[in-house]
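Here the structure is laid out as structure tokens; the discussion comes afterwards.
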Amino acid sequence: MDDLSIGEDVFALAEQLKHNNERMQVFLQCFEKMGNTCKEIIRKCMGGEDQEKIAEQLKVTYGYLRKKKSECMASLTQMIRLAFKQQS
């Protein structure tokens, strides 16, 4: 009986990994369609770097960076949602 539950767990894990990989592929495809500014902002912010330092590096104000990041993330989220709808 234990062998059966281990097999089911492995199958469920494999299915979950496949699903996560598909989601990551959609994310990457959508991300690559974005403009260079948005890609740079998202990359730097996702890297965990301090946003004030990122703003300095990009030679923009902290407020502008936060606004632009929000707009970029909203755009990326919209593209991802649309991609998933088209897959369904």
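Along the sequence shown, the residues carry numbers beginning at 1.
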V26 and L17: same hydrophobic cluster, using ILVMFWY side-chain contacts below 4.5 Å? no
Using side chain to side chain contact (heavy atoms under 4.5 Å, CB included) as the criterion, list what pairs up with N36, not counting sequence neighbours. K39
Apply side chain to side chain contact (heavy atoms under 4.5 Å, CB included) to C38 and list each qualifying residue two or more places apart in sequence or on a separate chain. M34, K68, C72
What distance do M24 atom CE and N21 atom CG have between them, rounded to the nearest 0.5 Å? 8.5 Å
Run F31 and R43 through side-chain contact (heavy atoms from CB on, under 4.5 Å) and show every step you take. CA-CA 10 Å; F31 181 77; R43 272 192 198 110; 3.7 Å; yes
Heavy-atom count check: over 12 atoms from other residues, nucleotides or ligands less than 6.0 Å from Y62 OH? yes
Evaluation steps, side-chain contact (heavy atoms from CB on, under 4.5 Å), between I54 and I41: CA-CA 8 Å; I54 294 170; I41 289 171; 5.7 Å; no
Show your reasoning for whether side-chain contact (heavy atoms from CB on, under 4.5 Å) applies to E52 and L65. CA-CA 9 Å; E52 290 179 356; L65 175 71; over 6 Å; no
To the nearest 0.5 Å, how far apart are CD1 in I80 and CD in Q29? 10.5 Å
Please determine whether the number of non-hydrogen atoms from other residues, nucleotides or ligands lying under 6.0 Å from atom CD of Q78 exceeds 12. no
Between K69 and I42, is the side-chain contact (heavy atoms from CB on, under 4.5 Å) condition met? List the steps. CA-CA 7 Å; K69 176 188 168 194; I42 291 171; 5.5 Å; no
Point-to-point distance, once rounded to the nearest 0.5 Å, from CD of E56 to CG of D50: 8.5 Å
Keeping T77 on the side-chain end and M73 on the backbone end, is there a donor-acceptor pair under 3.5 Å? yes
For residues Y64 and L58: do they belong to one hydrophobic cluster (side chain heavy atoms under 4.5 Å, members Ile, Leu, Val, Met, Phe, Trp, Tyr)? yes
Working to the nearest 0.5 angstrom, can you tell me the gap between Q51 CD and R66 CZ? 6.0 Å
Value rounded to 0.5 Å, distance of CG in L76 from CZ in R81: 10.5 Å
Residues in side-chain hydrogen bond (donor to acceptor under 3.5 Å, both in side chains) with K33, at least two apart? none
